[in-house]
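Structure first, commentary second.
Ligands are counted one by one from 1 in listed order, and the atoms in each one are counted from 1 as well. Values reported hereafter were calculated over all heavy atoms of this structure, with side chains retained and with hydrogens, waters and symmetry mates removed.
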Amino acid sequence: MRALITGAAGFLGSHLTDALLADGHSVVGVDNLCTGSLENLKHLQSDPHFELHQHDICTPFDYGKVDFVFNFASPASPEDYARLGIETLQVGSAGTRNALDVAEKYQAGFLHASTSECYGDPTVHPQTEDYWGNVNPVGPRSVYDESKRFSEALVMAYHRYRKVDTRLVRIFNTYGPRLQANDGRVISNFIMQALQGNDLTVYGKGDQTRSFCYVSDEIDGFLRLARSTEHSPVNIGNPTEWTILECARAVLRVTGSNSKIVYRPLPQDDPMQRRPDITRARRLLGWEPAIDLETGLKLSLEYFRSSFSSSEVSDKQ
Ligand code: UDP
């Protein structure tokens, strides 16, 4: 199979690229590098089954016949999409449409990376796929949430009106190597703060919850969904729920750091609770995550340590 991945230089896109290549497929990567990094694909430079096109998918593109399109291009951390608000709205609308046009042209399968942010600050807990969400359409997170919700509508419209063979995955908080060390997300912030001996910054009281999935489990879920014939959204995330304070303590345990926990203001519209109901993924895909948070944090440490040493080097230059 020849697969096209938009956002191939990103955290999830690059792991997906590796997994497809390992399964014997060819991968065409597309990325404008606005938040992705060539470093994530450096090891593939001389792989004959991989090609990378530096291109913004908001402008139409065509790199020849493909059998499957994975649409993963978008800023995704709250700090990144706040900085790149218009770009985020654009990639979830024009960008997704251009990717769908490629799938339609080549009658390829299509999997779109959607998000638990479609549920907003949820009033239903845990979140099932049939919950419509509680999203502020004009708040600071709206550039991401509404972009992803519009993408879902577009994907379903291409499925209904143009018979494109689409899939929608709703991704919950995911972490692991290649998560940008400085993207402001909770896991990257806490690990970097712990390794550098800085205070861990808990926003609010730390009683808001998230459910963290290790990247290899998440990618396994994507591949199973891609092989299925399911067109409705499927949650892929780890259903074990942690408060942010518990998460900070887990990072301190795993790193052995003596850093202190300090409290900072809670950002506006920060969801209070988030946990996927994965009944659908279990039933349709036989999927469930295997790696718990502390194991996954241990597996991520080496990567963050090396990001830490390279940021020290660049600070000195
Ligand atoms: N958070 C925190 N300290 C940080 C970064 C994030 O307490 O240094 C909190 C944030 O307020 C949110 C949760 O951790 O409640 C997860 O934030 P993240 O940015 O990773 O992603 P989100 O799930 O909000 O999209």
Side-chain angles (χ1 to χ4, degrees), residues 10-12 35 72 74-85 88 92 113-122 125-127 133-136 139-149 169-215 218 235-252 255 257 259-276 293 296-297 300 304 307-308:
F11 167 52
L12 293 176
T35 55
F72 276 68
S74 179
S77 89
E79 282 191 12
D80 282 343
Y81 61 69
R83 184 170 52 85
L84 298 167
T88 302
S114 191
T115 168
S116 56
E117 280 289 317
C118 287
Y119 303 125
D121 189 4
H125 197 68
Q127 291 79 56
N134 178 37
V135 170
N136 177 351
R141 296 176 90 102
S142 64
V143 289
Y144 185 67
D145 299 7
E146 297 296 11
S147 163
K148 289 289 186 180
R149 287 165 65 99
V169 56
R170 292 202 179 129
I171 302 170
F172 285 65
N173 295 64
T174 307
Y175 67 101
R178 300 187 197 156
L179 193 63
Q180 292 172 76
N182 61 353
D183 71 0
R185 283 183 166 122
V186 68
I187 298 282
S188 33
N189 271 9
F190 285 174
I191 295 186
M192 291 301 278
Q193 289 162 343
L195 293 177
Q196 291 171 308
N198 295 330
D199 296 340
L200 270 60
T201 51
V202 166
Y203 301 160
K205 294 193 200 107
D207 55 352
Q208 70 274 37
T209 67
R210 293 294 186 273
S211 304
F212 300 100
C213 192
Y214 188 67
V215 64
E218 193 70 33
N235 290 336
I236 296 287
N238 191 313
T240 307
E241 187 177 0
W242 294 70
T243 68
I244 293 304
L245 192 56
E246 287 167 344
C247 171
R249 293 195 178 119
V251 170
L252 291 178
T255 54
S257 164
S259 291
K260 291 199 304 291
I261 291 174
V262 295
Y263 295 88
R264 298 281 176 264
L266 188 67
Q268 190 194 328
D269 295 343
D270 199 284
M272 196 51 215
Q273 53 183 3
R274 191 183 278 163
R275 170 155 65 100
L293 181 61
L297 289 173
S300 312
F304 283 103
S307 316
F308 171 39

Subject >> Tyr175 and its ring-ring contact (aromatic ring centres under 6.0 Å, His included) partner, picked from Phe190, Tyr214, Phe11, Trp242 >> reply: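 The residue from Phe190, Tyr214, Phe11, Trp242 that satisfies ring-ring contact (aromatic ring centres under 6.0 Å, His included) with Tyr175 turns out to be Tyr214.
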Quick one: which ligand 1 atoms are inside 4.0 Å of a heavy atom on [X]?
X: Arg185; answer: 19 (O), 20 (O)
X: Asn189; answer: 4 (C), 5 (C), 8 (O)
X: Val202; answer: 7 (O)
X: Gln208; answer: 9 (C), 11 (O), 15 (O)

Original post:
Do Thr35 and Gln180 have side-chain atoms, one donor and one acceptor, less than 3.5 Å apart?
Top reply: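 No, no side-chain donor-acceptor pair sits under 3.5 Å.
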Nearest protein heavy atom with distance in Å, relative to [atom]:
atom: atom 3 (N) of ligand 1; answer: Thr201 O, 2.6 Å
atom: atom 16 (C) of ligand 1; answer: Arg210 NE, 3.6 Å
atom: atom 25 (O) of ligand 1; answer: Arg141 NH2, 2.9 Å
atom: atom 13 (C) of ligand 1; answer: Ile244 CD1, 3.6 Å
atom: atom 1 (N) of ligand 1; answer: Tyr203 CD1, 3.3 Å

Subject >> Residues Arg149 and Glu146 bridged, charged N to O under 4.0 Å >> reply: yes
Original post:
Is there a heavy atom in Ser77 that sits closer than 4.0 Å to ligand 1?
Top reply: no
Subject >> Residue-ligand contact Ala248/ligand 1, heavy atom below 4.0 Å >> reply: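 So Ala248 does not count as touching ligand 1.
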Subject >> Identified side-chain hydrogen bond (donor to acceptor under 3.5 Å, both in side chains) partner of Arg185 from the options Asp183, Asn182, Asn189 >> reply: Asp183
Original post:
Looking at Met272, Arg275, Arg274, which hits side chain to side chain contact (heavy atoms under 4.5 Å, CB included) with His125?
Top reply: Arg275
Original post:
Nearest to atom 21 (O) of ligand 1 by heavy atom, Asp80, Asp270, Val186, Asn173: which?
Top reply: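 Among Asp80, Asp270, Val186, Asn173, the closest heavy atom to atom 21 (O) of ligand 1 comes from Asn173.
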Original post:
Any nitrogen or oxygen of Arg274, main chain or side chain, under 3.5 Å from a nitrogen or oxygen of ligand 1?
Top reply: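 Right, the criterion is met.
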**OP:** Compute the shortest N/O to N/O distance between Gln193 and ligand 1 and return yes if it is under 3.5 Å, no if not.
**Re:**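 So ligand 1 has no N or O lying under 3.5 Å from an N or O of Gln193.
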Subject >> Nearest non-hydrogen partners of Gln127 and Pro122, listed with the distance >> reply: NE2-CG, 3.3 Å
Subject >> Minimum heavy-atom distance Lys148-Ala113, with the two atoms named >> reply: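 Shortest heavy-atom contact: NZ-O, 2.7 Å.
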Original post:
Roughly how far, to the nearest 0.5 Å, is CZ of Arg170 from CD of Glu117?
Top reply: 12.0 Å
Original post:
For the atom pair CD (Glu241) and CZ (Phe212), what is the distance rounded to the nearest 0.5 Å?
Top reply: 10.0 Å
